Protein chains: 2
Amino acid sequence: MTISSTFGRENNQRNMDTTGEVGSFFKSAFSVDNVIFGFDGGDLKVLLIQRGQAPFKDKWALPGDLVYPNEDLNTAAERVLEQLTGLRGVYLEQVKTFGAVNRHPLGRVITVAYITLIKISNYTVTAASFAQSAKWHNIDEVGDLAFDHNEILESCLRRLKRKVRTAPIGFELLPPKFTLTELQQLYDSVLRLPKRLDKRNFRKKILSMNLLVECPEMQEGVAHRPAKLYQFDREKYGQFVNEGFIFDI
Amino acid sequence: MTISSTFGRENNQRNMDTTGEVGSFFKSAFSVDNVIFGFDGGDLKVLLIQRGQAPFKDKWALPGDLVYPNEDLNTAAERVLEQLTGLRGVYLEQVKTFGAVNRHPLGRVITVAYITLIKISNYTVTAASFAQSAKWHNIDEVGDLAFDHNEILESCLRRLKRKVRTAPIGFELLPPKFTLTELQQLYDSVLRLPKRLDKRNFRKKILSMNLLVECPEMQEGVAHRPAKLYQFDREKYGQFVNEGFIFDI
DNA sequence: GCAAAAGTGTTAACTTTACACCCATGG
DNA sequence: CCATGGGTGTAAAGTTAACACTTTTGC
C-alpha cells in the first residue's frame with residue numbers, strides 16, 4: 001500500500017452514503033457520554049441514569065446519546081445535559097474518546113466523554129419519570145456500570161482531580177456564594193489526599209490570589225459562629241490570566 | 001421527547017446497517033489524525049504530508065486516516081504512523097476529538113487527534129514517494145493546513161507544552177543517549193519561555209531527580225569540551241511513581 | 001592560542017508546611 | 001453554658017532564582 005493510497009482514503013470519499021468501497025467506513029456511529037459531577041457539601045457525586053432497555057437493562061450508566069447528524073459534539077453533550085437536568089450554560093469539558101471495537105455490543109460506536117460540573121442545588125428532578133431513572137451517586141459507590149462507563153468515569157475523575165488544582169473550576173460545583181470551609185471541603189472531597197488540607201494554609205493561599213470577593217452578608221441559621229460568604233470573581237480571573245497568572249492549589 | 005426515548009436511542013440500535021429510523025446516525029465516519037513531533041537539536045518539528053487530491057489538494061496536512069471497522073482508535077493512530085515512518089512502539093497519546101459538523105467538506109467525519117513523539121534520527125524516508133509527500137516543518141512555519149488541522153495542531157502543541165513539564169516524555173524526542181545541553185535545548189524549544197532556562201538550575205533540578213544515568217562514554221567529534229552522555233532510567237521512574245513521585249520541571 | 005560549549009556553587013527571595021487557641025452563634 | 005465550626009499568625013524547612021568563571025576539546 002503506498003502512502004498516497006493510504007492517506008488518500010480520507011481524500012477519496014465521494015459520497016457519504018454506505019454504498020461502494022468506502023461504505024463500510026460509515027457503518028458506525030458516535031455518541032457523547034457525560035460525567036456530570038456535583039457536590040453536596042460532603043461528597044463528590046456523579047449523576048447516573050438507570051437503563052430501561054437492553055443492552056445492560058437496569059444497569060446504571062452515564063447519560064449519553066448518539067450525536068445528531070448536524071450537531072457538533074459539544075452541542076450534543078449540552079443537549080444530553082439539558083434534557084436530563086434542564087440546565088444550560090454550565091461548565092463542560094471534553095475529556096477523552098473511547099473507541100474499543102467491542103465497547104458497544106450492538107455495533108461500532110465510539111463515544112466522546114465529557115465532564116460537566118453543576119451546582120447541585122440548581123439541579124431539580126424535573127419529572128417523576130426522572131426520579132426513577134436518574135440519581136446522584138457518591139463517587140465511590142457507583143458499582144458496576146453499563147458499557148465501558150466505569151473506565152470512562154475513572155478517566156474523567158482523574159481529569160477533574162488534575163484540573164481542579166490548575167484552573168478555577170471548583171467554583172462551578174458550589175453555589176455562587178460560599179464559605180471558605182465549603183470550598184475547602186470541596187477540594188478535600190475531590191482530591192482525597194492522604195491528609196486533608198490545612199485550614200489556615202488553604203485560606204491563606206486561596207485569599208492571596210485575590211480572586212474571591214467578600215459578600216456583605218454572612219452565613220445564616222447555623223449553630224455556630226457564622227462564616228463569611230465569598231464569591232469568585234470571574235472577570236478578575238480573566239484579567240490575571242492575561243497578565244500571566246496561573247491558578248494553582 | 002421523554003427522557004427514556006432520548007436516552008433510549010443508544011439502547012435501541014438493532015443493527016448497524018443504514019436502514020430504518022436509526023440509519024442517519026450511521027452516515028458518518030471517524031478518523032484519526034496524528035501530530036508527529038520530532039526534535040532535531042534546534043527546533044521542534046512536526047511531520048506533515050502534502051495532499052495529492054481534493055479536497056485541499058496540495059495543501060499540507062496532518063497524517064491521518066479513517067479508522068477501520070474492526071480497528072481500535074489507538075491502533076489506527078499506530079498504523080498511520082507506521083505506514084508513514086515505519087516506526088512502531090513509540091509514544092502515542094490521545095489528545096482531543098474534533099467534530100464540528102462542517103469540518104470535513106465531503107461529509108460528517110469526526111477525528112480523534114493524537115500526539116506522537118519520535119526520535120527524529122530514527123525516522124528515515126523509507127520510499128522515494130515519501131520524500132515528496134512528507135516533510136518535517138518547524139513548528140512555527142507550518143502555514144495554512146488542510147481541514148481544521150491548524151486548530152488540531154495548536155491543541156496538540158498546548159498539550160505537549162503542559163505534559164512535557166509533568167511527565168518524562170521529553171526523552172521520547174531525544175536519542176537514547178543525550179547530553180544535558182540537548183535536553184535543555186529540547187525544553188527550551190518546546191516551552192518557548194520568555195527567558196531560556198538557566199543552565200545551572202536546570203542541571204541541578206534534572207539530576208536531583210535521580211532519573212538519569214551517566215553513560216561511560218562521552219560525546220565525540222565536537223570542537224569543544226565533550227559532554228557527558230546520559231540515559232533516562234525508565235525502570236527507576238516507574239518505581240518512583242509508585243512511591244508517589246511526580247515529575248515536574 | 002582561540003573559539004566553542006561543558007561544567008560547577010552560593011546566596012537571597014520566596015513558598016510551603018506545621019501547628020493551637022480564642023471567637024461568635026444557636027440551642 | 002456548652003457544642004460547633006469560624007477565624008487567625010509565626011517560624012522552620014524547603015524550593016526557586018539569579019548569577020560568572022574555569023575546563024576541555026578541535027582546529
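Proteins get letters first, then strands, A, B, ... in listed order; numbering begins at 1 in each. The shown structure was predicted, so the numbers you read here are calculated from the model rather than taken from an experiment.
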| query | Of all the nucleotides listed (C/dT17, C/dG7, C/dT10), which has the minimum atom distance to the side chain of B/A227? | reply | C/dG7
| query | On a plain distance test, is the side chain of A/R200 in donor-acceptor contact with the base of C/dA20 below 3.5 Å? | reply | yes
| said: Within the 4.0 Å heavy-atom criterion, would you say B/T181 contacts the bases, only the backbone, or no part of the nucleic acid? | reply: sugar-phosphate
| remark: Taking for A/A223 and for A/K204 the nucleotide of DNA chain D with the nearest heavy atom, the one nearer the 5' end belongs to A/A223
| request: Decide if the gap between the ring center of A/F178 and the ring center of A/F171 is smaller than 6.0 angstrom. | output: yes
| query | Rounded to the nearest 0.5 Å, how far does CG of A/D188 lie from NZ of A/K195? | reply | 13.5 Å
| Is there a donor in the side chain of B/N210 and an acceptor in the side chain of B/K236, or the other way round, less than 3.5 Å apart? | no
| Can you check the A/I206 CD1 to C/dT16 P distance for me, whole Å? | 13 Å
| said: Using heavy-atom distances to pick each residue's nearest nucleotide on DNA chain C, tell me which of A/G221 and B/L180 is more 5'. | reply: B/L180
| request: Please determine if A/E217 and A/K177 form a salt bridge, counting it only when a charged side-chain N lies under 4.0 Å from a carboxylate O. | output: yes
| query | Using 30° and 60° as the class limits, which term best fits the ring planes of B/H149 and B/F147: parallel, tilted or perpendicular? | reply | tilted
| query | What's the CG-P distance between B/D198 and C/dG9, to the nearest Å? | reply | 15 Å
| To the nearest 0.5 Å, what is the distance between CD (A/Q239) and CG (A/D233)? | 8.0 Å
| Nearest to the side chain of B/R225, which nucleotide is it out of C/dT17, C/dA5, C/dA24? | C/dA5
| request: Select base, sugar-phosphate, or nothing to describe what A/K205 touches, counting heavy atoms under 4.0 Å on all strands. | output: sugar-phosphate
| message | Whether B/K228 contacts C/dT8 is assessed here as follows: a side-chain N or O lying under 4.0 Å from the phosphate OP1 or OP2. Is that the case? | response | yes
| message | Without decimals, in angstroms, what is the distance between B/L207 CG and C/dT8 P? | response | 8 Å
| message | Do A/K96 and B/Q94 have side chains that approach each other closer than 4.5 Å (heavy atoms only, starting at C-beta)? | response | yes
| Boundaries of the chain A footprint along DNA chain D (any atom under 4.0 Å from a heavy atom) | D/dA3 to D/dT10
| Once you round it to whole Å, what is the distance between P of C/dC19 and CG of A/L197? | 15 Å
| Spacing between B/N201 atom CG and C/dT11 atom P, to the nearest angstrom | 15 Å
| message | Nearest whole Å is fine: how far is C/dA18 C1' from A/R203 CZ? | response | 17 Å
| Gap between atoms NZ and C1', on A/K195 and C/dA18 respectively (whole Å) | 10 Å
| field | Euclidean distance, atom NZ of residue A/K199 to atom C1' of C/dC23 [Å, nearest integer] | value | 11 Å
